[in-house]
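If you read the sequence from its start, that first residue is 1, and numbering goes on from there.
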Amino acid sequence: MFLPIFPLAQAIPTPATQQVIIQREFSIPENELDLPAPPTTAPLNTVTVPQQVRVLPGKLDNIPVFNSNSPEVVQTEGILLSTFPPEGKQLPSAHLNFPFKGRFDIFAHHIAKAKNRAETRTLFQGIIVHNPNSEPVTLNVLQGATYLTRPDALFVDLPSYLENRFGTVFAGPGSRITSDVLRGYRQAILPAAIEIPANQSRMLMNLPIPVGNVTPSSNGRSTLMRMSSSNSVYVASLAMFAPKSQGGVEQDPTLEQWENILNTKGLAGPRDLAPTPRGENPVQKIYGRVAGVAEGSQWEAKITDNSRTDYLTIPKRGESFSYALSTTDTGTFGTGQVQSAKMLARYPDTAYFAHGNYGIQYNLTFPLYNKSRESQSVSIKMQTPIKANTEAGGLMFYDPPENRIFFRGTVRVIFNDDTGKTLTRYIHIVQRRGQQGEPLVNVNMKPGERRLVQVDFLYPPDATPPQVLTVRSSN
């Protein structure tokens, strides 16, 4: 049984201290943003845990996702991603001609940087939606959130495991937007619905990514929205430096100014590294960043022994098995399963697949069954093993884990405890590369007992795949 996605989310108020506004003077030191910790220089001790890694059942759905993540660092104005038709545009190649109708998602993540005071002009990100039809279109924001790194969601140092019942625990904007959407929220800064007249456009988002006036500095904005449109629409994500009044005061861009960017500009820059051509396998493969339309918003699976059973037999005492998450073609742990969402439309210098599955929700149900004649204690934990493409007799971890953080986000677990009471827990997890992790849930199962456990999370931006979910029976 899967939890439904609520058709319309209740807007949650945004505290005054978290309002997204232009901050003219605050400083965002570049070395305090989302810069990965340097690799540990001391030799790392590896630990191999013998266990089977299984193919994750299920698959991605076919909901299209507007995925705007290239260039990640934006320093010139222009088009980040446009699915508009190329006709009538000065640079037709910047437009992918992909209409959305019904359910679709919008994901965007971009960073503004300033090396000196001359580069501190506020960068705005705009998301414009066009109705090409002869009748009005209603565009609903079902759930959604958008946050800056500063001041909304700093990359704070958190313990590896924290209860997050109220959604107040997060580290970085990717962690925060996925926590909100997982709970079915729509942030108050986002509209519940927009009416777009026939053959006209409207701004869905028109928000700053301010860097402040103390340099060098940088800031980022992450956005995730679940949308529904009553008819076909085109969507574009655009970048523009704040226009100024005659007195030199920065202004919010207008719809007309955004339309001018859309109609006359090319792709924003600087461009990220292009992906390694398909079919080539160099030692250092470049995946590239995503800019296009990916296929798949959710991965649903009922995890059983096989397609002929409705239960998952728990491991024997002292044993475990795992299911890989967000796998790429260089990290399948011997399963051969690549979960990266395919691209329905993309720019030639961007990723061939939506590697990382940022913003995609995993809805996984474990119908546990104790076939043995003894009571057993069973746990399910998330882990971040060392990426491998072969099984190699088990999963490899570092002891202690490497400094670099590979996952930070909230996981929801729903299960019946040992008294039969249904519990829902939200747990914020921070895991470093090679970390074995802690149990999300522990249950004590009697002989012949069945127990349903549901694990839900949205794969957060600011994370590095793959991870695994491991089912273990204690000694």
Nearest-0.5 Å distance that lies between atom OG in Ser218 and atom CD1 in Ile209: 11.0 Å
Between Thr146 and Arg221: side-chain donor-acceptor atoms closer than 3.5 Å: yes
Whether Tyr358 and Tyr459 hold their rings parallel, tilted or perpendicular, with breakpoints at 30° and 60°: parallel
Ala291 versus Leu81, closest heavy-atom pair with distance: C-CD1, 3.9 Å
Residue pair Val378 / Asn442, side-chain heavy-atom distance below 4.5 Å: no
Any side-chain donor near an acceptor of the partner, Asn416 and Thr422, under 3.5 Å: yes
Side-chain donor-acceptor contact under 3.5 Å, Gln376 with Ser473: yes
Partners meeting ring pair (Phe, Tyr, Trp, His ring centres under 6.0 Å) with His355 (sequence neighbours left out): Tyr287, Phe353
Gap separating the CG atom of Leu312 from the OH atom of Tyr369, nearest 0.5 angstrom: 12.5 Å
SB check Glu374 Arg317 (cutoff 4.0 Å): yes
Side-chain donor-acceptor pair present, Tyr426, Arg165, cut-off under 3.5 Å: no
Donor on one side chain, acceptor on other, Asn45 and Asp399, under 3.5 Å: no
Distance-only side-chain donor-acceptor flag, Thr330 / Lys387, under 3.5 Å: yes
Over 12 foreign heavy atoms within 6.0 Å of CG, Asn306: yes
Partner residues of Phe66 under the ring pair (Phe, Tyr, Trp, His ring centres under 6.0 Å) criterion, sequence neighbours left out: none
Non-hydrogen side-chain atoms of Pro208 and Leu123 separated by less than 4.5 Å: no
Any side-chain donor near an acceptor of the partner, Asn357 and Gln339, under 3.5 Å: no
Name of the residue among Ile63, Val233, Leu139, Ile106 meeting side-chain contact (heavy atoms from CB on, under 4.5 Å) with Phe100: Val233
Intermediate values then yes/no, salt bridge (charged side-chain N to carboxylate O under 4.0 Å, His left out), Asp105 and Arg103: CA-CA 7 Å; Asp105 287 0; Arg103 270 283 293 117; 3.0 Å; yes
Gap separating the OG1 atom of Thr149 from the CG atom of Asn219, nearest 0.5 angstrom: 5.0 Å
Residues Asp329, Lys285; criterion salt bridge (charged side-chain N to carboxylate O under 4.0 Å, His left out); working and verdict: CA-CA 11 Å; Asp329 58 351; Lys285 181 171 182 175; 2.4 Å; yes
4.5 Å side-chain heavy-atom contact, Thr223 and Met205: yes
Modelled atom types, side-chain donor and acceptor of Asn140 and Ser228, under 3.5 Å: no
Tyr352 side chain to Arg278 side chain, donor-acceptor N/O pair below 3.5 angstrom: no
Any side-chain heavy-atom pair of Ser326 and Trp299 under 4.5 Å: no
Full working for side chain to side chain contact (heavy atoms under 4.5 Å, CB included) between Asp305 and Tyr311: CA-CA 6 Å; Asp305 288 349; Tyr311 56 80; 3.3 Å; yes
Distance-only side-chain donor-acceptor flag, Ser237 / Gln125, under 3.5 Å: yes
Spacing of Tyr147 atom OH and Ile177 atom CD1 [to the nearest 0.5 Å]: 9.5 Å
Derivation and outcome, side chain to side chain contact (heavy atoms under 4.5 Å, CB included), residues Phe415 and Val443: CA-CA 9 Å; Phe415 65 103; Val443 292; 4.1 Å; yes
Flag for Gln52-Arg54: side-chain donor and acceptor within less than 3.5 Å: yes
Any side-chain heavy-atom pair of Phe397 and Thr46 under 4.5 Å: no
Plane angle bin for Phe457 and Phe407 - parallel if under 30°, tilted between 30 and 60°, otherwise perpendicular: perpendicular
CD1-CD distance between Ile386 and Glu402, expressed to the nearest 0.5 angstrom: 8.5 Å
Residues Glu449, Arg451; criterion salt bridge (charged side-chain N to carboxylate O under 4.0 Å, His left out); working and verdict: CA-CA 7 Å; Glu449 184 181 0; Arg451 196 82 66 94; 3.0 Å; yes
Under 3.5 Å side-chain donor-acceptor pair for Asp310 and Thr304: no
CA sep, side-chain torsions, deciding dist, call: Thr365, Val453, side chain to side chain contact (heavy atoms under 4.5 Å, CB included): CA-CA 6 Å; Thr365 300; Val453 177; over 6 Å; no
Nearest non-hydrogen partners of Leu60 and Gly296, listed with the distance: CB-CA, 4.1 Å
4.5 Å side-chain heavy-atom contact, Thr410 and Arg183: yes
Carboxylate-amine/guanidinium proximity below 4.0 Å for Glu295 and Lys342: yes
Polar side chain donor-acceptor pair, Ser322 to Gln51, under 3.5 angstrom: yes
Side chain to side chain, Val468 and Met382, heavy atoms closer than 4.5 Å: no
Distance in Å, Leu96 CG paired with Met343 CE, rounded so as to fall on 0.5 Å steps: 8.5 Å
Within 6.0 Å of NZ in Lys446, more than 12 heavy atoms from elsewhere: no
Between Ser68 and His110: side-chain donor-acceptor atoms closer than 3.5 Å: yes
Short side-chain to backbone donor-acceptor contact, Arg472 and Gly318, under 3.5 Å: yes
Heavy-atom side-chain contact between His428 and Leu158 under 4.5 Å: yes
